[in-house]
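Encoded as structure tokens, the structure appears first; notes follow it.
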Amino acid sequence: MRTVAVVGASLAGLSAARSLRSQGYDGRLVVIGDEPHRPYDRPPLSKEFLAGAVGEADLALETDDEDLGAEWLLGVRATGLDRTERAIRLADGRQVRADGVVIATGAAARTLPGADGLAGVHVLRTLDDARGLRDALALGGRLVVVGGGFVGAEVASTAHGLGLDVTVVEAAPTPLAGPLGEAMGAVVSALHADHGVRLLCGVGVKGLGGERRVEAVLLEDGRSIPADIVVVGVGARPNVEWLQGSGVALDNGVTCGADGRTSLAGVVAVGDCAAWYDPRAGVHRRVEHWTGALERPAAAVAALLSSGAAEPGVPRPPYFWSDQYGVKIQFAGHPAGADTVTVVEGATDDRSFLAVYRRGGHPVAVLGMDQPRLFTRWRRQLSTTTA
């Protein structure tokens, strides 16, 4: 291959570029990013950066002496992939011809209908999002977080630490039931009540009150929650619209094999936009976690450079972590289909425990709250038992 283009300049795209060089690719390398920033770390955006504990320089993913010999096209969005011309079309009219393509365009935060143009309403996905929200929180006031997932919970925790009055609204009866199951989702989300943050569950948001600036969150049960700031944390959608008509199969992201290869030869996908085939479960999954964006590009690049001849292996079980109210939450594995969840160390009431999810007696996932050492041992065991 004479030219490889990486479309997406966050962690997954940077990991792919690094893997290309470390695996011996010495041709032209082009990295395209729709944000104007060099690759940066996203997890601190909802925590340390939002609280003012770290600055933008601390978010950099590249080292000072790192040089991948790449052409960086930043601040420009990819609008199409022409499989006949083997070219990526850009929003500014340019085209980048490439023999190989790595799709790493990530995902975008979902919003609420009617929120556009209403001051005081925020999402949190990018550095620019975090800048705006950080400035808003510095003014204090009443914050309503719509969505009780991990990003929403981290924002609520950070804002509470900054002294704001915080309410979290979650449409589901139990927050975090999707990633953790109902029992453990209830335990983890109880951290809000532990710290005096209001948590309203089982009620959806009907709309937002206010003309030019948000004044309230209107619930479907008729209640109105006063708000000076609203953060919408209702999930993300994969950035794959630009691939329509390209020949790349799409279904809740880019449909990939177990090695990241797409339906189009010479094209692989990694990161939040990629739905890799999971040979253990027999389904395609999008893994929207930091470790997936760090680790999986190596396998995808190997498949790209070998035209699929490289053995993909079995990916490690997904892993993610969250820091809320001073508690470290760690999770690895796939809880779906688990028939038991057992606390093997500590106690849920103490918010310091380790729980193991099993299916047919075999561990399939593990959750730790303030149990980092024990969690690490169980995570290693999970990697061997589910391989």
Side-chain angles (χ1 to χ4, degrees), residues 1-21 23-40 61-62 67-108 125-126 236-257 259-276 286 293 296-308:
M1 292 185 179
R2 291 176 296 179
T3 300
V4 174
V6 177
V7 189
S10 192
L11 176 61
L14 177 61
S15 298
R18 285 170 169 165
S19 293
L20 281 159
R21 293 308 192 203
Q23 293 183 33
Y25 175 71
D26 59 2
R28 181 186 179 213
L29 174 59
V30 184
V31 182
I32 302 163
D34 62 348
E35 294 185 62
H37 314 293
R38 300 286 289 203
Y40 60 88
L61 288 172
E62 298 167 279
D67 183 7
L68 294 172
E71 300 172 34
W72 293 85
L73 304 181
L74 300 177
V76 61
R77 181 171 51 88
T79 59
L81 176 60
D82 188 325
R83 59 178 168 177
T84 303
E85 296 291 328
R86 302 294 299 181
I88 298 153
R89 296 191 296 271
L90 305 181
D92 62 7
R94 286 180 292 175
Q95 289 192 355
V96 176
R97 296 180 182 273
D99 308 295
V101 176
V102 180
I103 300 169
T105 43
R125 185 77 186 183
T126 69
R237 55 174 179 76
N239 289 322
V240 295
E241 296 90 347
W242 68 284
L243 293 167
Q244 294 288 345
S246 67
V248 173
L250 305 174
D251 184 9
N252 186 32
V254 179
T255 305
C256 304
D259 55 3
R261 285 190 296 159
T262 72
S263 57
L264 200 59
V267 179
V268 297
V270 296
D272 292 0
C273 68
W276 281 36
R286 276 200 308 122
R296 290 192 171 189
V301 164
L304 178 67
L305 296 179
S306 68
S307 299

Is any side-chain heavy atom of [Y] closer than 4.5 Å to one of [X]?
X: Arg261; Y: Cys256; answer: no
X: Val270; Y: Trp276; answer: yes
X: Leu264; Y: Leu81; answer: yes
X: His37; Y: Leu74; answer: no
X: Pro238; Y: Asn252; answer: yes
X: Leu250; Y: Thr255; answer: no
X: Ile32; Y: Val76; answer: yes
X: Trp242; Y: Arg77; answer: no

Quick one: does any side-chain atom of [X] pair with a main-chain N or O of [Y] as donor and acceptor, under 3.5 Å?
X: Gln23; Y: Ala298; answer: yes
X: Thr262; Y: Val267; answer: yes
X: Thr105; Y: Asn239; answer: yes
X: Asp272; Y: Ala107; answer: no
X: Asp259; Y: Ala299; answer: no

Nearest heavy-atom neighbours spanning [X] and [Y]:
X: Ala302; Y: Ser306; answer: O-OG, 2.7 Å
X: Leu90; Y: Ala78; answer: CD2-CA, 4.1 Å
X: Glu62; Y: Trp72; answer: OE2-CZ2, 3.6 Å
X: Cys273; Y: Gly106; answer: CB-O, 3.3 Å
X: Ala300; Y: Val268; answer: O-CG1, 3.7 Å
X: Met1; Y: Tyr25; answer: O-CE1, 3.2 Å

Which value, rounded to the nearest 0.5 Å, describes the distance between [X] atom [atom1] and [Y] atom [atom2]?
X: Leu68; Y: Leu20; atom1: CG; atom2: CG; result: 9.5 Å
X: Leu61; Y: Arg38; atom1: CG; atom2: CZ; result: 11.0 Å
X: Arg86; Y: Arg97; atom1: CZ; atom2: CZ; result: 11.5 Å
X: Arg94; Y: Leu73; atom1: CZ; atom2: CG; result: 5.0 Å
X: Ile103; Y: Ser246; atom1: CD1; atom2: OG; result: 6.5 Å
X: Ile88; Y: Leu243; atom1: CD1; atom2: CG; result: 9.5 Å

Applying side-chain contact (heavy atoms from CB on, under 4.5 Å) to Asp99 and Val4, what does each step give before you reach the verdict? CA-CA 6 Å; Asp99 308 295; Val4 174; 6.0 Å; no
Evaluate whether atom CG of Asp82 has more than 12 neighbouring non-hydrogen atoms of other residues, nucleotides or ligands under 6.0 angstrom away. yes
When you look at CG of Asp26, are more than 12 heavy atoms from neighbouring residues, nucleotides or ligands closer to it than 6.0 Å? no
With sequence neighbours left out, the residues meeting side chain to side chain contact (heavy atoms under 4.5 Å, CB included) with Ser263 are Ala249
Partners of Glu71 by side chain to side chain contact (heavy atoms under 4.5 Å, CB included), sequence neighbours excluded? Arg28, Val30
Pair Arg89 + Glu85, salt bridge at N-O below 4.0 Å: no
